[in-house]
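Everything below concerns the one structure shown next.
In the text below, chain A, chain B and the rest are named by the order of the sequence lines, each starting its count at 1.
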Amino acid sequence: MCGRFTLSKPVQAVAELFKLAEPPAELAPRYNIAPSQPVAAVAPKRDGISRGLAFLKWGLVPSWANDATSGYKPTNARSDSLHKPTFREAFRFKRCLIPADGFYEWKAEGKKKLPVHFRMTDGGVFGMAGLWEVWTDGTTKLATCCLITTEANEVVGAYHDRMPVIVPPEMHAAWLDLDTPEHELRTLLRPYPAEGMSAHPANPIVNRATVEGPECLTPAA
DNA sequence: CCAGACGTTGTT
DNA sequence: GTCTGG
DNA sequence: CCAGACGTTGTT
DNA sequence: GTCTGG
């Protein structure tokens, strides 16, 4: 699964990969993005052509929820569960790409939980398949999101049996396009090729969600 | 039909 | 054990 | 995802 | 809102 990730590259790298017309001036480097925190997400603008970047709270609140504060808010959606009530509308109309340059999984070693950081072999930015929603009670609006997971590839599989769906750059447009037929979308929801990825032990300090700095990636002594 | 859930992961 | 907060 | 809390009443 | 279980 994916419950923590990183996005530390300069905003230019993000703007280039996702073809953002109006990138923000800056993106604060983040080494420990956790559920309930704001997540940068790329989605088509209303014109359906250009793309925008917005911040969404990680943990999907469907539009029909009675209130946005209580109840379970999924941080992940299994790729084979996208027809379920919680995800159905978002899968059809509110797909997004969530920029990252790595994600964490944990390996239980006795009592300890040892984090491992997975990234592209070239260390670059990539896009994870996500869904978003806007919940409102008429007074307040809350924009939320979640990641889509699939089976792990051979690199991640040594630690966990699930991983986030990573959409190759040439498929970004198809994933975001509202006119892409469902069967074509589903072909995108597969494990990213293991050849393009690598695993690196991370620092257990990352277990604490309030630690945000680059020390998260430094293996413990 | 109505009532009640609506989700994932990992661990046992 | 289970829920909440980050 | 992991870490950390997990509760009430009355009084100030 | 929409699906599942009874």
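Other residues, nucleotides and ligands place no more than 12 heavy atoms under 6.0 Å from the CD atom of A/Glu16.
In this structure, the nucleotide among B/dT9, D/dC1, D/dG4 sitting nearest to the side chain of A/Arg78 is B/dT9. Each of B/dC6, D/dC1, B/dT8 was ranked by its minimum atom distance to the side chain of A/Arg4; first place goes to D/dC1. Residue A/Ala209 has its side chain nearest to C/dG6 when only D/dG4, B/dG10, C/dG6 are considered. Out of B/dT9, B/dG10, C/dG6, the shortest distance to the side chain of A/His160 is found at B/dG10. Side chain of A/Lys84, nearest nucleotide from C/dG6, E/dG1, B/dT8: B/dT8.
Only the C1' atoms considered, B/dA5 is 27 Å distant from C/dG6, to the nearest whole Å. Taking atom P in both D/dT8 and B/dA3, one finds a spacing of 31 Å when rounded to whole Å.
Residue A/Phe87 is the one, among A/Phe87 and A/Lys113, whose nearest nucleotide of DNA chain B lies closer to the 5' end (criterion: closest heavy atom).
Atom CG in A/Asp67 sits about 14 Å away from atom C1' in B/dC6, given to the nearest Å. Atom pair A/Ile205:CD1 and D/dC1:P shows a separation of 21 Å (rounding to whole Å applied). Taking atom CH2 of A/Trp106 as the reference point, atom C1' of D/dC2 lies 7 Å away to the nearest angstrom.
In this structure, A/Arg88 reaches the E/dC3 phosphate: one of its side-chain N or O atoms is under 4.0 Å from OP1 or OP2.
Contact annotation for A/Ser81: backbone-only contact, meaning every heavy-atom pair under 4.0 Å involves sugar-phosphate atoms and none involves a base.
Using N1 to N3 plus N6-O4 or O6-N4 for Watson-Crick, or N1-O2 and O6-N3 for G-U wobble, each under 3.5 Å, C/dG1 pairs with D/dC6.
Note on A/Leu7 and A/Tyr192: same hydrophobic cluster, where clusters join Ile, Leu, Val, Met, Phe, Trp and Tyr whose side-chain heavy atoms are under 4.5 Å apart, directly or indirectly.
Between the side chain of A/Arg4 and the backbone N or O of A/Tyr31, no donor-acceptor pair lies under 3.5 Å. Proximity of a side-chain donor or acceptor of A/Lys84 to a complementary backbone N or O of A/Asp80 within less than 3.5 Å is not detected.
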